[in-house]
A.B. asks: 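I'd like to ask some things about the structure below.
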Number of protein chains: 2
Amino acid sequence: MDSLRQHIEEIIPLTDAEFDHVQSFFTLKKVRKHQYLVNEGDEVKYEYLVLSGIYRVFYVDEQGKEYIVQFAKAGWWMSDYEAFFKQGKASMFIECLVAGEVLYATLDAREQLSKELHQMEHFFRVKLTNGYVAQQQRIKLLLSSTPQQRYEAFARLYPDLLQQVPKKLIAEYLGVSRETLSRLYAG
Amino acid sequence: MDSLRQHIEEIIPLTDAEFDHVQSFFTLKKVRKHQYLVNEGDEVKYEYLVLSGIYRVFYVDEQGKEYIVQFAKAGWWMSDYEAFFKQGKASMFIECLVAGEVLYATLDAREQLSKELHQMEHFFRVKLTNGYVAQQQRIKLLLSSTPQQRYEAFARLYPDLLQQVPKKLIAEYLGVSRETLSRLYAG
DNA sequence: AAAATCGTGTGATCCAAATCACACGATAAT
DNA sequence: ATTATCGTGTGATTTGGATCACACGATTTT
């Protein structure tokens with residue numbers, strides 16, 4: 001649970017007592033490769049803070065094509081956030097690509113911590129602010145860029161994922177076919 | 001300033017004294033059609049809460065093509081949020097499409113209010129949460145849907161904008177050419 | 001060790017949407 | 001009132017990327 005404290009204290013200070021309280025809302029879980037944390041149709045009870053491993057949050061369209069909304073690695077939060085925040089059914093899957101550990105907590109945890117500790121509300125607001133900006137950048141990229149530019153942006157942002165994740169999945173994240181992606185760094 | 005209070009009290013309660021304080025951070029501005037609130041390259045000092053009128057937040061690529069990141073109407077917040085939060089230069093423009101009024105405030109206002117009033121931090125967190133979910137839906141739409149589906153989703157979400165905004169601009173929001181959009185509801 | 005599946009490259013074909021081009025009524029500007 | 005330019009539809013042409021198809025070495029599975 002040490003990394004949880006570090007993670008939070010990058011943004012706000014916590015006393016030992018406060019951290020103990022925060023901690024009590026989180027549960028540790030080991031995750032195997034190919035394990036699913038969320039399946040389409042599930043009640044989304046939890047959000048996850050990744051401690052290690054790599055994960056993908058994705059959905060599947062009627063034709064069975066898969067689209068990756070988010071990758072997640074150490075220090076990132078993930079969930080089917082639409083379903084999580086609205087407490088509805090998942091429209092997405094979360095799959096572990098590289099084994100690791102996660103901490104999970106409920107929406108109640110988030111809300112209660114935010115209520116009890118002003119700093120924790122601040123913490124979540126800062127995280128959301130960053131997430132909002134990152135998503136906006138992604139929207140801009142999807143709206144206006146060529147496959148080439150998308151690939152370059154991805155390589156710049158996540159050089160590590162480029163190594164550890166199959167190109168097929170990177171294509172699913174970029175919204176480009178596997179073949180087109182393959183021809184990019186060839187040409 | 002009445003609508004500001006209403007807007008905030010949809011989410012949190014405020015005493016008169018608290019609201020007075022909140023209010024003091026906001027300034028009213030009338031905006032004419034075709035007026036720009038933000039220009040590419042500007043320091044983005046403010047975020048805007050729309051009271052009336054319609055606005056577009058957009059950017060322009062190297063070839064001069066325009067892409068709309070966000071429309072805004074009464075009750076919506078807008079800015080070049082990447083630049084606003086990071087206090088950097090704008091990469092986008094904000095243009096008024098239908099004349100109206102906005103309230104504007106600085107990043108300092110947001111941060112100070114969040115610090116002084118726990119409820120205001122809550123307010124901003126809730127707003128960001130909603131924005132985050134909305135953006136995620138947009139990302140999913142951009143990743144996987146056909147022009148047809150994008151148009152239908154837009155029509156469902158914003159039937160009013162469909163009426164008041166030129167189709168050309170809706171095309172720029174959907175990431176589709178004007179011509180393709182035009183052929184959708186013809187066929 | 002053999003068989004299946006996975007990850008990846010690459011050629012050939014196809015197609016949806018972009019681009020180019022023009023028309024024409026409706027606003028807006030001079 | 002006359003001249004621009006705006007908003008929109010629609011035809012013709014082009015094209016970038018999807019799709020289909022196959023190859024082949026590297027992992028996994030049995």
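Just so we're on the same page: letters track the sequence lines, and every chain starts at 1.
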A.B. asks: How long is the line joining NZ of A/K33 and P of D/dT29, in whole Å?
C.D. replies: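 Computing the A/K33:NZ to D/dT29:P distance gives 9 Å.
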
A.B. asks: Quick one: pull up CG in A/L141 and CZ in A/R150 and give me the separation to the nearest 0.5 Å.
C.D. replies: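 Between A/L141 CG and A/R150 CZ, I get 6.5 Å after rounding to 0.5 Å.
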
A.B. asks: Within 45 degrees of the axis of the six-membered ring of B/F85 and under 6.0 Å from its centre: does B/R110 put its NZ or CZ there?
C.D. replies: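 Ring-cation test returns no.
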
A.B. asks: Quick one: do B/K89 and B/E43 make a salt bridge, cutoff under 4.0 Å?
C.D. replies: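 Yes, charged N to carboxylate O under 4.0 Å.
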
A.B. asks: If you check the B/E179 side chain, which of C/dA21, C/dA17, D/dG17 turns out closest?
C.D. replies: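 Among the listed nucleotides, the one closest to the side chain of B/E179 is C/dA21.
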
A.B. asks: Could you check how far CZ of B/R183 sits from C1' of C/dA16, rounded to whole Å?
C.D. replies: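 From B/R183 CZ to C/dA16 C1': 11 Å.
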
A.B. asks: Which nucleotide in the set C/dT8, D/dG17, C/dA18 lies at the smallest distance from any side-chain heavy atom of B/V176?
C.D. replies: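 Nucleotide nearest to B/V176's side chain: C/dA18.
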
A.B. asks: Given atom CG of B/L181 and atom C1' of C/dT19, what is their separation to the nearest angstrom?
C.D. replies: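 Rounding to the nearest Å, CG of B/L181 and C1' of C/dT19 are 16 Å apart.
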
A.B. asks: Does A/T180 have a side-chain nitrogen or oxygen under 4.0 Å from the phosphate oxygens OP1 or OP2 of D/dG17?
C.D. replies: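 Checking A/T180 against D/dG17: no side-chain N or O falls below 4.0 Å of OP1 or OP2.
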
A.B. asks: Quick one: the side chain of A/R178 and the base of C/dG9, do they pair up donor-acceptor inside 3.5 Å?
C.D. replies: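 When only heavy-atom distances are counted, A/R178 does reach the base of C/dG9 through a donor-acceptor pair under 3.5 Å.
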
A.B. asks: Please report, rounded to the nearest Å, how far the C1' atom of D/dG9 is from the NZ atom of B/K168.
C.D. replies: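 Result: 16 Å.
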
A.B. asks: Taking atom P of C/dA16 as reference, at what distance in whole Å does atom CD of B/Q149 sit?
C.D. replies: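 That distance rounds to 14 Å.
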
A.B. asks: Expressed as a whole number of angstroms, how long is the span from B/Y151:OH to D/dT8:P?
C.D. replies: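 B/Y151 atom OH is separated from D/dT8 atom P by 11 Å.
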
A.B. asks: Using atom CD of A/Q164 as one end and atom C1' of C/dG7 as the other, report the distance to the nearest whole Å.
C.D. replies: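 After rounding, the reported distance stands at 16 Å.
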
A.B. asks: Enter the distance from A/Y36:OH to A/E95:CD here, rounded to the nearest 0.5 Å.
C.D. replies: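 That separation rounds to 3.5 Å.
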
A.B. asks: Look at A/Y185 and C/dG9 and indicate whether a side-chain polar atom (N or O) is within less than 4.0 Å of OP1 or OP2.
C.D. replies: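 It does, given that an N or O in the side chain of A/Y185 lies less than 4.0 Å from OP1 or OP2 of C/dG9.
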
A.B. asks: Roughly how many Å is it from CG in B/L184 to P in D/dG9, rounded to a whole number?
C.D. replies: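 From B/L184 CG to D/dG9 P: 11 Å.
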
A.B. asks: If you assign A/G175 and A/H34 each to the DNA chain D nucleotide with the nearest heavy atom, which residue ends up on the more 5' nucleotide?
C.D. replies: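 The 5'-side residue here is A/G175.
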
A.B. asks: Would you say C/dT19 has OP1 or OP2 under 4.0 Å from some side-chain N or O of B/K65?
C.D. replies: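 For B/K65, the contact criterion (side-chain N or O under 4.0 Å from OP1 or OP2 of C/dT19) is met.
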
A.B. asks: For this output row, return yes or no: ring centroids of A/Y158 and A/W76 closer than 6.0 angstrom.
C.D. replies: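 Close enough - the centres of the two rings lie under 6.0 Å apart.
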
